[in-house]
Amino acid sequence: MCKDSNKISFNFSKDYIWSLTFFLKSLSITVFEHISDINTWVEEQHKQGRSVGFVPTMGALHAGHQSLITLAKAHCDVVVASIFVNPTQFNNASDLEKYPRTLREDLEKLSASDCDAAFCPSVAEMYPTGDKGHWDYGALSNSLEGFYRPGHFDGVLTIVKKLFEAVKADQAFFGEKDFQQLALIRRMVQEEQLPIHIVAAPTIRESSGLAMSSRNQRLNAQELEIATNISRILLRAVGQVNQSAPAAILEEARSALAEIPELKLEYFELVEANTFKPLTTKIEKPCVFLVACYLGEVRLIDNMIVR
Ligand code: PAF
């Protein structure tokens with residue numbers, strides 16, 4: 001892998017390219033690298049009267065992504081998933097470098113989930129000029145993840161808009177696990193009148209309650225056990241909404257997290273679900289408890305919605 005300040009590219013050997021070519025031929029999924037090719041394929045689907053669903057991902061696929069493919073298949077005639085580790089949404093170079101990259105396994109999983117096409121562009125394909133947009137939607141873009149990861153949402157919205165323009169699907173599917181991201185994508189689609197319908201899917205959890213995330217791959221067995229405290233404490237907070245004021249619930253949840261020395265809490269908040277207005281005195285539904293913390297070097301987020 002070679003790197004300069006803004007660009008990341010991969011140098012593959014001829015043998016690797018050959019083995020990849022044979023591998024791709026063994027899968028029942030069509031893989032596109034270029035915007036013009038995915039565009040032509042989607043246009044062809046539309047000409048044949050088929051609706052197209054789109055599941056954007058950064059790879060390292062788990063059951064949560066597979067549930068999005070299943071949902072997309074239930075809503076649309078054909079489904080495209082993208083696999084692109086988007087450099088502009090990482091505000092920490094080491095986080096980008098350590099992000100799991102498992103392209104072969106991902107393509108196998110997509111193929112097994114009956115996904116019809118995968119769009120796996122290069123950084124140069126998506127960022128020919130290195131451009132990154134800026135969106136200011138008040139608390140929705142500037143609080144919580146927006147505050148703790150400056151520039152992160154500009155990177156997310158930049159790539160999501162580029163991917164929407166590249167794939168031109170009818171519907172796009174996102175998980176509620178990244179709740180603030182989902183709310184921002186909905187807002188961008190509404191404000192900019194982008195011709196796509198957004199469908200949300202519930203967070204998929206391990207039997208321990210831990211929200212599935214590609215980052216969980218970086219946790220050892222002991223850390224996976226510790227991480228289950230996050231959903232346990234969220235669940236307890238949700239169970240208290242009809243009995244206590246938000247401030248008291250939040251204080252109790254933050255103290256419970258502070259008692260676990262391995263977890264370094266960034267935030268545990270309750271906000272109104274559409275505007276992200278913080279709720280401290282009175283519950284207004286729908287609202288959502290959101291939490292972010294570090295476990296070692298791994299940053300984990302989770303949330304629970306109160307409807
Ligand atoms: O949620 C993700 O995996 C990413 O943020 C997304 C939406 C694919 C954009 O890179």
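In each ligand, atom 1 is the first atom listed, and ligand 1 is the first ligand listed. We number each residue from 1, following the sequence as shown.
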> Quick one: do K285 and E272 make a salt bridge, cutoff under 4.0 Å?
Replying inline: no
>> Between R218 and D95, does any side-chain N to carboxylate O distance fall below 4.0 Å?
In response: yes
> N/O to N/O below 3.5 Å, does that happen between N86 and ligand 1?
Replying inline: no
> Parallel, tilted or perpendicular for F174 and F164, by the 30°/60° rule?
Replying inline: perpendicular
> How are the rings of F276 and F179 set to each other: parallel, tilted or perpendicular (split at 30° and 60°)?
Replying inline: parallel
>> Considering non-hydrogen atoms of the protein only, which is the closest contact for atom 10 (O) of ligand 1, and what is the distance?
In response: Q89 OE1, 2.6 Å
> For atom 7 (C) of ligand 1, what's the nearest protein heavy atom and its distance?
Replying inline: Q181 NE2, 3.5 Å
>> Out of all atoms in ligand 1, which are within 4.0 Å of some heavy atom of I159? Include the element for each.
In response: 9 (C), 10 (O)
>> Looking at Q217, I want to see if its CD is surrounded by more than 12 non-hydrogen atoms of other residues, nucleotides or ligands under 6.0 Å.
In response: yes
>> Please work out, at 4.0 Å between heavy atoms, whether the side chain, the backbone, both, or neither of T57 comes within that distance of ligand 1.
In response: backbone
